[in-house]
*Asks:* 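One structure is given below, represented as structure tokens, and several questions about it will come after.
Just the heavy atoms: all of them, side chains too, but no hydrogens, waters or symmetry mates, feed the values below. Throughout, numbering of the chain's residues begins at 1 and tracks the sequence.
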Amino acid sequence: DTDNAIESTRINDSISSNFDTATIRNLQIQDGTCDCTGTASASNNGPNGTGNGVNPIVLDFETINTNSTECGYFEVNIE
């Protein structure tokens with residue numbers, strides 16, 4: 001049932017100077033709880049999310065259905 005779905009769900013954040021923004025990679029969107037394993041070498045971030053190496057970061061979850069669990073994460077190197 002998607003009657004109570006959240007549409008166009010996005011998280012937008014700028015990385016501070018404590019991180020090397022050139023190292024932003026592996027932006028991931030997935031169903032379920034975050035375990036930070038099995039990341040692909042390419043972004044998997046929905047059609048309107050940012051790509052690897054792009055700051056600010058936008059994680060695009062698109063539609064989140066009622067009672068579902070979604071996870072989003074990315075990797076950066078600390079300067």
Side-chain angles (χ1 to χ4, degrees):
D1 179 17
T2 59
D3 291 342
N4 296 317
I6 300 171
E7 304 281 338
S8 302
T9 308
R10 296 181 190 175
I11 296 174
N12 186 336
D13 192 15
S14 293
I15 297 299
S16 74
S17 59
N18 294 328
F19 299 92
D20 181 359
T21 57
T23 66
I24 297 169
R25 64 187 186 279
N26 293 337
L27 283 76
Q28 298 288 317
I29 299 295
Q30 65 185 39
D31 295 329
T33 310
C34 276
D35 59 12
C36 297
T37 61
T39 60
S41 59
S43 295
N44 174 21
N45 191 20
N48 298 307
T50 57
N52 291 339
V54 178
N55 188 41
I57 292 170
V58 179
L59 297 174
D60 183 5
F61 291 85
E62 300 179 321
T63 301
I64 298 179
N65 295 322
T66 305
N67 297 323
S68 69
T69 303
E70 301 289 332
C71 173
Y73 59 92
F74 57 88
E75 299 176 15
V76 295
N77 288 343
I78 298 173
E79 292 185 326

*Asks:* Taking T21 for its side chain and N55 for its backbone only, find out whether a donor-acceptor pair lies under 3.5 Å.
*Replies:*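 Checking the backbone N and O of N55 against the side chain of T21, no donor-acceptor pair under 3.5 Å is found.
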*Asks:* Before giving the answer on side-chain contact (heavy atoms from CB on, under 4.5 Å), spell out for N26 and Y73 the whole-Å C-alpha distance, their side-chain angles and the decisive distance to 0.1 Å.
*Replies:* CA-CA 8 Å; N26 293 337; Y73 59 92; 5.8 Å; no
*Asks:* I'd like to know if the side chain of D60 and the backbone of N48 have a donor-acceptor N/O pair within less than 3.5 Å.
*Replies:*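 Yes; judged by distance alone, with no hydrogens or angles, the pair exists.
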*Asks:* Show the nearest heavy-atom pair for residues T9 and I6, with the distance to one decimal.
*Replies:*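 Closest approach of T9 to I6, heavy atoms only: OG1-CG2, 3.1 Å.
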*Asks:* Do you know which two heavy atoms are closest between E70 and Q30, and how far apart they sit?
*Replies:*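 Nearest pair, atom of E70 first, then Q30: OE1-O, 3.3 Å.
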*Asks:* Of all residues at least two apart in sequence or in a different chain, which pass the side chain to side chain contact (heavy atoms under 4.5 Å, CB included) check with T50?
*Replies:*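 Residues passing side chain to side chain contact (heavy atoms under 4.5 Å, CB included) with T50: L27, N45, V54, I57, V58.
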*Asks:* Roughly how far, to the nearest 0.5 Å, is the CD1 atom of I11 from the CG atom of L59?
*Replies:*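 Result: 5.5 Å between the selected atoms.
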*Asks:* Which atom pair, heavy atoms only, marks the closest approach of A5 to T63?
*Replies:*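 Heavy atoms only, the tightest pair is CB-CG2, 3.6 Å.
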*Asks:* Going by the rule side chain to side chain contact (heavy atoms under 4.5 Å, CB included), which residues pair with D13 if we only count those two or more places apart in sequence or in a different chain?
*Replies:*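 By the side chain to side chain contact (heavy atoms under 4.5 Å, CB included) rule, D13 matches no residue at all.
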*Asks:* Output all residues satisfying side chain to side chain contact (heavy atoms under 4.5 Å, CB included) with S16, sequence neighbours left out; order by chain, then residue number.
*Replies:*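 So S16 forms a side chain to side chain contact (heavy atoms under 4.5 Å, CB included) with N18, F19.
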